[in-house]
Amino acid sequence: MDAPDIKTSLPGPNAKAIIDRDRQFVSPSYTRDYPFVIARGEGAVVEDVDGNRFLDCAAGIAVNSTGVSHPEVVKAITEQAQKFIHMSGTDFYYEPQVRLAEELAGIAPIEGPVRTFFGNSGTEATEAAIKLARYHTRRQNIIAFFGAFHGRSLGSLSLTASKAIQRRGFGPLMPGVYHGPYPDTYRFNGSADQCAAECLAFVRDQIFVHLTSPDAVAAVVVEPIQGEGGYVVPPKVFLQGLRELTIQHGIVLIVDEVQSGMGRTGKMFASEHFDLKADVVNIAKGIASGLPLGVTCARAEIMSWPPGAHASTFGGNPVSCAAANATIKLLKESLVANAATVGAYLIDGLRELQNKHRLLGDVRGKGLMIGIELVRDRQTKERAVDERNALVQAMFRRGVLVLGAGKNALRLAPPLVFTKAQADSVVHVMDNALTDVSSSVRQKPDYLP
């Protein structure tokens, strides 16, 4: 299917009934932007419980890398589940986990021999990386960046600086964490290199001078492309400069590839676009095509902690490992290349919409990790927050699932099986949705002060 097919009002009667039950029994802490209740799916198409069919540009928050229930992944899951479902890798051995560690050692953007710790999620990968960096360096402090999202458990939440609501009410958080600015070139008044230089200078001349000496810093944690912060793509010189700074001071560089990794950007890892080699790389989301798995890859000399230092009962579950091995095979064979080709095609189509719709201030991204920033005025770049929220709803009503990112950006992160025909449908739907959203708000022309 290349275009949405909406048959009922949204939500339909079956969806409404399930949502009513959810409201009674499920935690209200979850963020549901619109009333979509999935029944089944195939590839980049999902069907709700009332028979409405949608194009999925969210992929379970960039998790369904191979699409919904890819037959090769389902086959791997089924075959492994028929053998054994669980045998904790903390206490025993099984080949699917070893094979996955071998695969990761060959593709992780890390120089030299690599070892891997297995957990269940991105936030667990962050926790493992924090502990590993502190253990290896015998230092305490961590530097992260504003706009970052690294997870919601207390350690990873201390690094997260995306939305205040995510931190409110949970303090005190882990001490010794300092944040610097992430280079947003669209909002910087100057060149990309100047933007990068100022962000690096803040770490070097402010954090290292006024808050913590570099010899007390265990790690710098950074997303090579910022995810929830707005799908912000930094200048290459920023990440390279950060790498030089960490090497200079013996600081562990932790690169969070949870959202940007596993082929999403048209390369296996976003770090490859920037020729970036890390000490530690965190991976989750798309690695197992929807099964829970988080991994922390590190240079072997860093991951030298002794038995008992860190472990996980369910981490590296054999069924999840089987799904991950099948996923990596599919990514290598065709899906990374497809993400690059279709992603570039979709970005071109979205940039054409900029000529028609003044709300589109910036279209950015790599591969199928695409951010669209909405502004009320292209000169002042006033954030169009309400308009972004309205656009999310308008696209849902037309049969395309999208998510917000940052204050006023939209993120497109479809499965890596996405086609050019489906990309054309998304552009068409967005064109119509933007027309409706634009007509409902007053926009100041660009030529006015």
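Hydrogens, waters and symmetry mates are skipped; everything else that's a heavy atom, side chains included, is used.
Annotation: salt bridge (charged side-chain N to carboxylate O under 4.0 Å, His left out) contacts of Lys407 (sequence neighbours excluded): none. Evaluation of the salt bridge (charged side-chain N to carboxylate O under 4.0 Å, His left out) rule for Lys236 yields Asp275 as partners, not counting sequence neighbours.
Side-chain contact check for Val281 versus Pro109: some heavy-atom pair is nearer than 4.5 Å. With a 4.5 Å cut-off on side-chain heavy atoms, Arg383 and Arg187 count as touching. Within the 4.5 Å cutoff, side-chain heavy atoms of Leu245 are placed close to those of Phe208. Proximity of Leu211 to Gln206: side-chain heavy atoms (C-beta onward) are nowhere separated by under 4.5 Å. In this structure the side chain of Tyr93 never reaches within 4.5 angstrom of the side chain of Val98, judged on heavy atoms. Proximity of Phe54 to Ile38: side-chain heavy atoms (C-beta onward) are nowhere separated by under 4.5 Å. Residues Ser312 and Glu124 meet the side-chain proximity criterion, which asks for heavy atoms closer than 4.5 Å. Annotation: side chain of Asp22 is not in contact with side chain of Tyr30 (no heavy-atom distance under 4.5 Å).
For Glu103 and Lys332, the salt-bridge test passes: some basic side-chain N is under 4.0 Å from an acidic carboxylate O.
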Margin query: Please determine whether side-chain contact (heavy atoms from CB on, under 4.5 Å) holds for the pair Val45 and Leu55, giving the CA-CA distance in whole Å, both sets of side-chain angles, and the decisive distance to 0.1 Å.
Written below: CA-CA 5 Å; Val45 178; Leu55 286 179; 4.2 Å; yes

Notebook entry, point to check: Checking side-chain contact (heavy atoms from CB on, under 4.5 Å) for the pair Met369/Gln259: CA distance, chi angles, key distance, verdict?
Noted result: CA-CA 9 Å; Met369 186 175 186; Gln259 189 157 174; 4.3 Å; yes

Note to self: Pair Asp279, His136 - check side-chain contact (heavy atoms from CB on, under 4.5 Å), show working.
What the structure shows: CA-CA 11 Å; Asp279 297 308; His136 175 72; over 6 Å; no

Next item on the list: Given side-chain contact (heavy atoms from CB on, under 4.5 Å), test Leu253 with Leu276 step by step and report yes or no.
Entry: CA-CA 10 Å; Leu253 179 62; Leu276 179 65; 4.0 Å; yes

Note to self: The test is ring pair (Phe, Tyr, Trp, His ring centres under 6.0 Å); show your working for Phe238 and Phe145 and say whether it passes.
What the structure shows: CA-CA 12 Å; Phe238 169 72; Phe145 295 90; 5.6 Å; yes

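Looking at every heavy atom in both residues, His150 comes nearest to Thr126 through O-OG1, 2.8 Å. For Ala144 against Leu159, the heavy-atom pair with the smallest separation is CB-O, 3.7 Å. Here the closest non-hydrogen pair linking Gly315 and Asn120 is N-OD1, 3.6 Å. A pairwise comparison of heavy atoms in Gly365 and Ile347 identifies O-CD1, 3.8 Å as the closest pair. The two residues Gly404 and Arg388 come nearest to each other via the heavy atoms CA-NH1, 3.6 Å. Heavy atoms only, all atoms of each residue included: Thr160 and Gly151 are closest at OG1-O, 2.9 Å.
Side-chain contact, Gln248 with Arg204: no donor N or O sits under 3.5 Å from an acceptor N or O. For the residue pair Glu228 and Ser162, a side-chain donor N or O sits within less than 3.5 Å of a side-chain acceptor on the partner. Side-chain atoms of Ser260 and Glu257 include a donor-acceptor pair closer than 3.5 Å. Under the 3.5 Å distance criterion, with hydrogens and angles disregarded, a donor-acceptor pair is assigned to the side chains of His310 and Lys131. Judged purely by distance below 3.5 Å, without hydrogens or angles, the side chains of Asp50 and Asn14 pair a donor atom with an acceptor atom.
With values rounded to the nearest 0.5 angstrom, Arg21 atom CZ is found 13.5 Å from Arg23 atom CZ. To the nearest 0.5 Å, the span separating CD on Glu198 from CG on Asp205 amounts to 11.0 Å. For the atom pair Leu416 CG and Met262 CE, the distance stands at 9.5 Å (nearest 0.5 Å). Going from atom CZ of Arg53 over to atom CG of Asp48 covers 11.0 Å, rounded to the nearest 0.5 Å. Taking CG of Leu293 as the reference point, atom CD1 of Ile283 lies at 9.0 Å (rounded to 0.5 Å). Here the OG1 atom belonging to Thr265 is positioned 3.0 Å from the NE2 atom belonging to His273, to the nearest 0.5 angstrom.
Remark: side-chain polar atoms of Asp56 are not paired, donor with acceptor, to backbone N or O of Leu401 under 3.5 angstrom. Between the side chain of Arg115 and the backbone N or O of Met303, at least one donor-acceptor pair lies under 3.5 Å. The backbone N or O of Leu157 sits less than 3.5 Å from a side-chain atom of Arg167, completing a donor-acceptor pair. Formation of a donor-acceptor pair under 3.5 Å by the Ser320 side chain with backbone atoms of Gly316 is not found in this model. At distances below 3.5 Å, not a single donor-acceptor pair connects side-chain atoms of Ser156 with backbone N or O atoms of Glu127.
The environment of CD1 in Ile6 is crowded: more than 12 heavy-atom neighbours from other residues, nucleotides or ligands sit within 6.0 Å. The number of heavy atoms from other shown groups lying within 6.0 Å of CZ (Arg138) is above 12. More than 12 heavy atoms of other residues, nucleotides or ligands shown are found within 6.0 angstrom of NZ on Lys163. Within 6.0 Å of CD in Glu42 there are 12 or fewer heavy atoms belonging to other residues, nucleotides or ligands. Atom CZ of Phe314 has 12 or fewer heavy atoms from other residues, nucleotides or ligands within 6.0 Å.
For the side chain to side chain contact (heavy atoms under 4.5 Å, CB included) criterion with Glu373, the lone passing option out of Asp362, Val232, Leu410 is Asp362.
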Could you list the donor-acceptor pairs under 3.5 angstrom formed by side chains in residues 66-73, with sequence neighbours left out?
residue	atom	partner	partner atom	Å
Thr66	OG1	Ser289	OG	2.7
His70	ND1	Glu72	N	3.1

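In this structure, Phe36 and Phe396 have perpendicular ring planes: the angle between them is above 60°, well past the 30° mark.
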